[in-house]
Amino acid sequence: MNYISVLIQNIAGPMGRVLIGKTPEGTWTFPTGRQRTNETAQEACQRIAWETLGIKVSVGKCTMVGHKRPQDGYSEHILNGNITHNTNTRCDYHNYYEAVNTWQTQPKSDIYTEMCWVHPSELGKYDFDGDDKNFMAKYDPWINGRVIPDVRMY
C-alpha cells in the first residue's frame, strides 16, 4: 500500500512555510492519504490537497521514501536517491512530496482541529506521531544541520 504525505509550502523557496495540522488526538501531522492504483504520485498529492484542504498545489520532488513491514512493524525512512539496499516489496510505502499552494488560498479542513504554517527549521518543535515522527527524526537534523543523517528508524 502506498501512502503519500504532502509538505505544502505557502511560497516556493527557502522562505516558504510548511502546512501542518493538529489531529483530534493532539498530535501534528502533514496532509496524508493513500495513492490509488490508477494515479501517479503527483496526482495523488494534488487529490489529497484538494480533498483534505480544498487547495490546489503544484507538486515538486519526492523528499523522502519510507517503508514499513506490516508483519513486524519495522519502519525506515530514506532521503530520496539514497536507497542503496534491496527494499522489501512486501512493505507499505510512505512517500513525502514537496508542493506549493498555487492558489495562495487559506486551507479549510474538518479533519484537523488546528492548522498552521511553520518554517521547516521549526518543525522539530512540534509533537508528531507514527510515520511522521520517524520522518521528522531524519528530516529535522537534515534541514537544520544541512547534513544527511544515516540513521535507521525502528
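Computation of the quantities below employed the complete heavy-atom set of this structure, encompassing side-chain atoms and omitting hydrogens, waters and symmetry-equivalent molecules. The shown structure was predicted, so the numbers you read here are calculated from the model rather than taken from an experiment.
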Without hydrogens or angle criteria, can the side chains of Glu25 and Thr27 be said to hold a donor-acceptor pair below 3.5 Å? no

Nearest-0.5 Å distance, CG of residue Asn10 to CZ of residue Arg17: 7.5 Å

Should the pair Tyr96 and His94 be assigned to parallel (<30°), tilted (30 to 60°) or perpendicular (>60°) ring geometry? parallel

With ring centroids as reference points, do Phe135 and Phe30 lie under 6.0 angstrom apart? yes

Is Ser58 reaching over with its side chain to a backbone N or O of Val100, donor-acceptor style, under 3.5 angstrom? no

Here the pair of heavy atoms bringing Val59 nearest to Gln42 is CG2-O, 3.6 Å

Please check if the side chain of Gln46 supplies one atom and the backbone of Lys56 the other of a donor-acceptor pair under 3.5 Å. no

Enclosure of Asn38 CG (heavy-atom neighbours >12, cutoff 6.0 Å): yes

Spatial distance of atom CD1 (Ile8) from atom CD1 (Ile20) [nearest 0.5 Å]: 12.0 Å

Can a salt bridge be assigned to the pair Arg36 and Glu43 using a cut-off of 4.0 Å between side-chain N and carboxylate O? no

Between CD on residue Glu114 and OG1 on residue Thr23, distance to nearest 0.5 Å: 11.0 Å

Contact summary for Gly16 and Pro120, nearest pair of heavy atoms: O-CD, 3.4 Å

What's the spacing between Ile48 CD1 and Ile55 CD1 if we round to 0.5 Å? 12.0 Å

Using every non-hydrogen atom in the two residues, find where Gly66 and Asn95 come nearest and quote the distance to one decimal. N-OD1, 4.1 Å

Given side chains that start at C-beta, do those of Gln9 and Val18 come closer than 4.5 Å, heavy atoms only? yes

In this structure, CG of Asp131 is separated from CE of Met64 (nearest 0.5 Å) by 12.0 Å

If I take atom OG from residue Ser109 and atom NZ from residue Lys22, how far apart are they, to the nearest 0.5 angstrom? 14.5 Å

Tell me the closest heavy-atom pair linking Met136 and Leu123, and the distance in Å. CE-CB, 3.4 Å

Hey, any chance Ile111 and Phe128 share a hydrophobic cluster, counting ILVMFWY side chains that come within less than 4.5 Å of each other, even indirectly? no

Identify the heavy atoms of Tyr112 and Thr29 that sit nearest to each other, and give their distance. CE2-CG2, 3.4 Å

Determine whether Leu19 and Leu53 make a side-chain contact, defined as any pair of heavy atoms from C-beta on separated by less than 4.5 Å. yes

With hydrophobic residues grouped by side-chain heavy-atom distances under 4.5 Å, do Val118 and Val6 end up in a single group? no

Shortest non-hydrogen contact between Gln35 and Arg47, atoms and distance: CA-NH2, 4.2 Å

